[in-house]
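Letters go in sequence order (proteins before strands), and every chain restarts at 1. The model shown is predicted, which means the values in this text are computed figures rather than measured ones. The analysis underlying the following values was restricted to heavy atoms, covering all of them including side chains, and did not include hydrogens, waters or symmetry mates.
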There are 2 protein chains.
Amino acid sequence: MSETTKALRSDAERTVRAILEAAERVLSRNPSASMEQIAEAAGVARTTVHRRFASRDALVAAMTAWATRRFAEAVDAAHPETTPPVVALYQVTANVLRVKIDWGFAMSRAVSADPEAAKVHADAEARCDRLFRRAQAAGVLRADVDPSWARRVYYALIHESAQSRDGDPDALAARLVDTLLRGVGPGPGLTAAG
Amino acid sequence: MSETTKALRSDAERTVRAILEAAERVLSRNPSASMEQIAEAAGVARTTVHRRFASRDALVAAMTAWATRRFAEAVDAAHPETTPPVVALYQVTANVLRVKIDWGFAMSRAVSADPEAAKVHADAEARCDRLFRRAQAAGVLRADVDPSWARRVYYALIHESAQSRDGDPDALAARLVDTLLRGVGPGPGLTAAG
DNA sequence: CGAACTTGCATCAACCATGTTGCAAGTCTT
DNA sequence: AAGACTTGCAACATGGTTGATGCAAGTTCG
């Protein structure tokens with residue numbers, strides 16, 4: 001391919017990114033928004049969107065593919081298998097929050113849509129369970145809690161934290177992990193008064 | 001109105017209920033499902049749905065109205081202002097879960113749709129905050145947690161519990177409150193190993 | 001400048017969901 | 001059995017969304 005094509009492609013890629021980001025912005029607020037609304041938010045004509053993405057499904061597929069890649073990177077970067085459980089928990093949380101804040105819609109669709117993305121998420125789920133088992137062995141996680149319930153609570157808190165947006169990802173992660181492990185009741189050292 | 005009309009109306013109301021329940025079932029799985037799919041799930045023709053509900057919006061409005069009424073009853077029945085905080089928390093949780101398990105979609109739409117329903121939910125939110133303040137005063141809730149964060153966590157756990165459906169509402173409520181107050185980390189009496 | 005390419009605009013076809021109506025058949029009550 | 005009413009079915013109109021296309025204008029690079 002020529003040098004010209006290369007230069008033009010970088011322009012095209014910029015347009016593609018703009019569309020993907022606009023789609024995330026619009027669809028996270030209204031999942032049934034029209035292509036027209038997405039195009040408007042991206043600052044391009046609707047036909048341009050259709051030229052870049054063959055169909056509506058192709059667009060959301062591209063979104064989930066992009067988000068899934070960033071998600072996988074976020075998990076990997078935290079090295080959840082080799083770091084001490086609590087550290088890993090913080091790192092994974094902060095990293096994933098960074099992605100989820102910007103790509104919440106795409107990530108929510110990733111499980112039920114693309115089988116490729118579903119695989120990544122299933123893998124992440126398995127790694128999460130492994131991490132929780134290590135945490136349990138280290139005494140960070142109570143032994144009598146159902147690990148799958150702990151994971152669901154963890155996911156729910158991530159979702160909630162990503163929605164709230166009050167504070168940077170690191171602060172959100174700190175509050176999240178604190179809440180996950182200690183809850184909102186009186187901490188160790190106090191006797192609960194019922 | 002005649003006796004005949006009365007008798008027939010009870011038939012009609014049964015149909016209405018069937019449609020409302022089918023709509024909840026279908027829309028909770030796919031919020032953008034067509035009237036056709038809803039009608040099919042209700043076991044009636046699409047025209048019948050349109051005869052009972054002037055428009056799609058009217059249908060979901062009726063759903064939210066119905067769910068909101070049951071939600072208000074659920075909160076009231078727990079007497080959250082007069083019972084000790086922990087007891088009230090259990091009662092409210094169990095009662096609300098009973099409603100939310102069956103009317104999750106309608107309740108999720110209640111906030112942004114009907115202003116009437118929004119008022120009920122805003123009221124419930126205020127009562128929730130009051131309850132948490134009482135809990136804080138009683139030492140059941142840690143003093144250094146942001147009450148609005150505690151409420152958001154509580155809502156998220158309710159959502160998650162309603163989704164999971166493993167166990168009866170009372171058991172779900174017990175697990176939920178336990179997790180909310182203690183988290184999943186080692187309880188009081190143990191020193192956390194980092 | 002000229003080539004390659006992209007974009008916006010206008011336009012078109014097709015589809016699907018929504019909402020309406022008329023009519024025949026059915027049910028329930030009296 | 002008769003009346004009142006509801007339901008299903010078929011048909012229709014409508015609007016909005018999707019997706020495709022041709023063309024003029026613009027940009028970037030050589």
Side-chain angles (χ1 to χ4, degrees), chain A residues 1-65 105-106 109 113-114, chain B residues 1-65 105-106 109 113-114:
Chain A
M1 74 188 56
S2 67
E3 297 299 314
T4 303
T5 305
K6 241 195 221 158
L8 288 172
R9 162 173 294 180
S10 103
D11 255 26
E13 299 238 324
R14 226 167 301 152
T15 304
V16 167
R17 282 284 288 276
I19 293 172
L20 288 177
E21 289 170 5
E24 167 62 36
R25 231 177 304 137
V26 171
L27 293 178
S28 65
R29 290 198 179 274
N30 173 21
S32 61
S34 68
M35 299 290 271
E36 184 76 54
Q37 294 172 274
I38 295 171
E40 188 188 350
V44 298
R46 187 174 63 91
T47 45
T48 301
V49 179
H50 275 110
R51 265 191 280 261
R52 292 299 167 192
F53 303 97
S55 69
R56 190 196 173 82
D57 283 349
L59 172 58
V60 312
M63 290 170 67
T64 64
F105 172 83
R109 295 269 150 149
D114 192 9
Chain B
M1 77 190 49
S2 68
E3 297 300 314
T4 304
T5 305
K6 241 194 220 156
L8 287 171
R9 164 172 292 181
S10 103
D11 255 28
E13 298 239 325
R14 227 168 299 152
T15 305
V16 167
R17 283 283 288 276
I19 293 172
L20 288 177
E21 289 170 5
E24 167 62 38
R25 231 177 305 137
V26 172
L27 293 178
S28 66
R29 288 196 180 277
N30 173 20
S32 60
S34 68
M35 299 290 271
E36 184 75 55
Q37 292 172 273
I38 295 171
E40 189 188 350
V44 298
R46 186 174 64 89
T47 45
T48 301
V49 179
H50 275 110
R51 266 192 280 261
R52 292 299 168 194
F53 303 96
S55 69
R56 186 180 225 278
D57 284 348
L59 172 58
V60 313
M63 291 171 67
T64 63
F105 172 83
R109 293 270 150 151
D114 193 10

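Atom CD1 of B/Ile19 sits about 7.5 Å away from atom CG of B/Leu59, to the nearest 0.5 Å. Note: A/Glu40 CD to A/Met35 CE = 14.0 Å, rounded to the nearest 0.5 Å. Put simply, CD on B/Glu24 and CZ on B/Arg109 are 11.0 Å apart, with the number rounded to the nearest 0.5 Å. Going from atom OG1 of A/Thr48 over to atom CZ of A/Arg46 covers 10.5 Å, rounded to the nearest 0.5 Å.
Residue B/Arg14 contributes atom CZ, which lies 13 Å from atom P of D/dT6 at whole-angstrom precision. In this structure, A/Glu13 places its CD atom 16 Å from C1' of D/dT28, rounding to the nearest Å. D/dG19 atom P lies 4 Å from atom NE2 of A/His50, rounded to whole Å. The separation between A/Met35 atom CE and D/dT18 atom C1' is 8 Å, rounded to whole Å. Rounded to whole Å, atom P of C/dA10 lies 12 Å from atom CD of A/Glu36. Rounded to a whole Å, the CZ atom of A/Phe53 is 15 Å from the P atom of D/dT18. Residue B/Ile38 contributes atom CD1, which lies 18 Å from atom P of C/dC16 at whole-angstrom precision. We find that CD of A/Glu40 is positioned 12 Å from P of D/dT17, with the value rounded to whole Å.
Remark: A/Thr48 is not in phosphate contact with C/dT6, judged by side-chain N or O atoms under 4.0 Å from OP1 or OP2.
Each of A/Arg51 and A/Gln37 has a nearest nucleotide on DNA chain D; the 5'-most of these lies closest to A/Gln37. Nearer to the 5' terminus of DNA chain C, by closest-nucleotide assignment, is the contact made by A/Arg52 (compared with the other of A/Arg46 and A/Arg52).
Here A/Thr47 lies in heavy-atom contact (under 4.0 Å) with a base.
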